[in-house]
Amino acid sequence: MNDIKTENELKKQEEITDMLKDILYIRYGNRQPLAFVHTYGCQQNVADSEKLKGMLIKMGCEMTEDKEQADIIIFNTCAVREHAEDRVFGNVGQLKSLKKKKPSLLIGLCGCMMEQQHIAEKIYKSYPYVGLVFGTHVIHKFPELVYNAVTSGRRLVERGFDDGEIYEGIPLRRDGSFKGWLSIMYGCDNFCTYCIVPHVRGRERSRRPEDVLNEARSMVASGFKDITLLGQNVNSYGKGLDEKTSFAQLLKSVADIDGDFRVRFMTSHPKDASKQLIDVMAENDKICNHLHLPFQCGSNRVLKQMNRRYTKEKYMEIVEYAKSRIPDLSITSDVIVGFPGETYEEFCETLELIKEVKFTSLFTFIYSPRVGTPAAKFPDPIPHEEKARWMSELLKVQEQIAAERCAGMVGKKYRVLVEEQAREGVLNARTQNNIVVELNASTELIGTFQNAEITEARNWILRGKIMEK
Ligand code: SAH
Ligand code: SF4
Ligand code: F3S
């Protein structure tokens with residue numbers, strides 16, 4: 001890691017930010033420019049957008065939720081499935097009329113999609129009103145990119161390369177005030193054969209434990225009650241750091257910080273999930289009893305084709321151990337249906353695994369071929385309609401499991417964090433094991449811990465009432 005290099009780079013960006021304050025103020029008619037940032041995709045992108053917002057605010061911008069009003073519009077895009085990309089193209093298409101009405105509007109596209117050459121080229125060719133295209137590797141240079149775009153008046157594409165550096169100290173504006181994300185590492189080295197993430201996010205690199213802990217301490221001090229440690233594969237945290245450490249150790253150190261808060265993490269890769277991690281979870285009250293452990297598929301042959309590097313048996317072993325150590329553990333997962341070459345019999349092994357584990361909830365995806373990944377070249381004879389039928393079969397199984405779990409929770413008491421208004425008079429609260437409960441309560445309670453009793457389960461929606469402390 002090269003601290004001097006990254007510090008100097010960020011200093012340069014700060015100087016450019018200062019210049020931009022005046023430049024943008026004048027460009028937008030002697031007033032504070034309004035900026036709009038929309039995020040697609042996963043929490044890594046949400047965390048990156050919090051940096052973009054932090055930098056925009058330092059440039060003198062005010063954030064707006066209304067893109068019609070905005071002077072600067074940034075879409076932070078996701079490439080994980082075709083559907084995600086189609087949504088971005090559709091939404092960028094709608095910006096054309098805004099640019100026509102306001103020629104000074106700066107439209108920027110960034111994020112994972114832009115790290116793919118064919119996409120960046122398509123945007124450049126087909127969407128002439130997009131002024132700035134930049135990838136995930138150059139996000140720390142955002143002020144310089146804005147500066148170049150507005151002073152040159154030319155369209156700019158900057159896709160950089162993965163320099164393997166971590167830029168500590170980029171300005172950050174978190175979206176929430178009591179629930180927040182904390183990146184502990186970036187990139188991914190696993191190269192699952194279906195996945196674009198390692199191609200667009202670069203190599204795995206971990207932040208130093210003291211940098212993570214300082215950020216966690218400052219979040220707790222400023223009132224955060226629910227912190228999620230983030231990485232594509234948190235279990236391999238620490239690889240490449242001078243100091244020998246592990247994710248289990250880091251998690252424990254975060255939990256040891258004084259204060260009334262809870263900590264969770266995602267994503268755990270089953271190949272690296274250790275018993276030590278489960279022990280740390282079992283022994284620390286502040287660590288949520290929630291494990292997001294994507295299994296993707298229940299067939300060992302398909303898992304091998306996916307390059308996941310674990311078997312169904314290994315997966316079940318860690319699940320059994322975790323359940324035995326943590327009685328109220330909630331396990332969630334990601335599943336891919338219809339991987340190239342998967343047969344119906346193999347899909348049925350996925351159903352069996354779901355019935356065995358009894359997940360709290362599942363994120364389910366039909367396989368989507370990604371340009372440049374090995375699986376995109378595998379023979380894929382099953383038509384989409386058939387995969388969609390498999391998917392509905394899977395969802396039925398999962399709904400049944402969720403309904404049974406919810407019914408079993410009625411009458412029990414939980415400490416919940418009140419998170420948001422669901423509708424008039426009804427708030428959503430979350431148990432530490434990640435189950436949402438609806439409460440009749442006033443919005444003043446948002447951001448506080450409460451004790452609640454579950455009064456009713458309607459399929460997989462739980463209702464509860466607040467109890468006296
Ligand atoms: N790093 C995490 C997942 C990141 S992507 C992990 O390894 O678990 C989130 C999820 O998207 C994946 O778990 C997978 O289920 C799904 N996914 C990724 N690529 C996909 C593709 N090409 N088609 C369908 N689903 C995909
Ligand atoms: Fe993609 Fe696999 Fe890395 Fe997860 S671990 S981001 S699924 S390559
Ligand atoms: Fe999408 Fe990039 Fe996340 S591809 S899922 S936003 S890492």
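Whatever order the structure lists them in is the order used to number ligands and atoms, beginning at 1.
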Query raised in the report: What atoms in ligand 2 come closer than 4.0 Å to a heavy atom of Pro198?
Result: 8 (S)
Report summary line: Per-atom filter on ligand 2: closer than 4.0 angstrom to a heavy atom of Val197 are 6 (S)
Report task. Note the single closest protein heavy atom to atom 1 (Fe) of ligand 3, along with its residue, its atom name and the distance in Å. Result -> Cys78 SG, 2.4 Å
Report summary line: At under 4.0 Å between heavy atoms, what of Gln232 touches ligand 3? The answer is side chain
Query raised in the report: Does Glu82 have a non-hydrogen atom less than 4.0 Å from ligand 1?
Result: no
Query raised in the report: What part of Gln232, side chain, backbone, both or neither, has a heavy atom within less than 4.0 angstrom of ligand 1?
Result: both
Report summary line: Looking at Gln44, Arg201, Lys271, Arg81, the heavy atom closest to atom 11 (O) of ligand 1 belongs to Arg81
Requested in this report: For the pair His140 and Tyr167, name the ring-plane relationship: parallel under 30°, tilted 30 to 60°, perpendicular over 60°.
Outcome: parallel
Requested in this report: Check each atom of ligand 3 against the heavy atoms of Cys42 and keep those under 4.0 Å away; list them by number with element.
Outcome: 3 (Fe), 5 (S), 6 (S), 7 (S)
Requested in this report: Flag Cys112 as yes if one of its N/O/S atoms falls below 2.8 Å of atom 2 (Fe) of ligand 3, otherwise no.
Outcome: yes
Query - Nearest option to atom 5 (S) of ligand 1, as decided by whichever heavy atom of Asn233, Ile196, Asn190, Val80 sits closest - result: Val80
Query raised in the report: Hey, does the Lys NZ or Arg CZ of Lys122 hover above the aromatic six-ring of Phe89, less than 6.0 Å from the centre and inside 45° of the axis?
Result: yes
Query - Proximity winner for atom 9 (C) of ligand 1, if only heavy atoms of Val335, Thr193, Asp334 are counted - result: Asp334
Requested in this report: List every atom of ligand 2 that sits less than 4.0 Å from any heavy atom of Arg308, numbering the atoms from 1 in the order shown and giving each element.
Outcome: 2 (Fe), 7 (S)
Requested in this report: Would you please test Lys179 and Glu419 for side chain to side chain contact (heavy atoms under 4.5 Å, CB included) and show each step?
Outcome: CA-CA 8 Å; Lys179 195 177 170 186; Glu419 289 190 350; 3.1 Å; yes
Query raised in the report: When you measure from the centre of the six-membered ring of Phe365, is the NZ or CZ of Arg81 under 6.0 Å away and within 45° of the axis?
Result: yes
Query raised in the report: Any idea which part of Pro294 is under 4.0 Å from ligand 1, heavy-atom wise: side chain, backbone, both or neither?
Result: side chain
Requested in this report: Sort out for me which residue in Val130, Thr77, Ile107 forms a side-chain contact (heavy atoms from CB on, under 4.5 Å) with Val92.
Outcome: Val130
Report task. Decide whether a cation-pi geometry holds between Arg155 and Tyr124; the criteria are a distance under 6.0 Å from NZ or CZ to the six-membered ring centre and an angle within 45° of the ring axis. Result -> yes
Report summary line: Cys195 heavy atoms within 4.0 Å reach ligand 2 at atoms 1 (Fe), 6 (S), 7 (S), 8 (S)
Query raised in the report: Of all the non-hydrogen atoms in the protein, which one sits nearest to atom 14 (C) of ligand 1, and at what distance?
Result: Gln296 OE1, 3.5 Å
Query raised in the report: Counting heavy atoms only, which part of His83 comes closer than 4.0 Å to ligand 1: side chain, backbone, both or neither?
Result: neither
Requested in this report: Establish, yes or no, whether a centroid distance under 6.0 Å links the rings of His269 and Tyr310.
Outcome: yes
Query - Short side-chain donor-acceptor distance under 3.5 Å, Ser236 and Glu204 - result: yes
Report task. For ligand 1, indicate whether the residue Tyr194 contacts it via side chain, backbone, both or neither (heavy-atom separation under 4.0 Å). Result -> both
**Report entry** Centroid-centroid under 6.0 Å between Phe295 and Phe359 rings
**Finding:** yes
Query raised in the report: In terms of atom number and element, which parts of ligand 2 are under 4.0 angstrom from non-hydrogen atoms of His269?
Result: 5 (S)
Requested in this report: Give the atoms of ligand 2, by number and element, whose distance to some non-hydrogen atom of Phe191 is under 4.0 Å.
Outcome: 8 (S)
Requested in this report: Please write down residue, atom name and distance for the protein heavy atom closest to atom 7 (O) of ligand 1.
Outcome: Arg308 NH1, 3.3 Å
Query raised in the report: For ligand 1, is Ile366 a contact, meaning one of its heavy atoms is under 4.0 Å away?
Result: yes
Report task. Using a strict 4.0 Å cut-off to heavy atoms of Cys188, name the atoms of ligand 2 that fall inside it. Result -> 3 (Fe), 5 (S), 6 (S), 8 (S)
Requested in this report: Take every heavy atom of Thr267, measure it against each atom of ligand 1, and state whether any distance is under 4.0 Å.
Outcome: yes
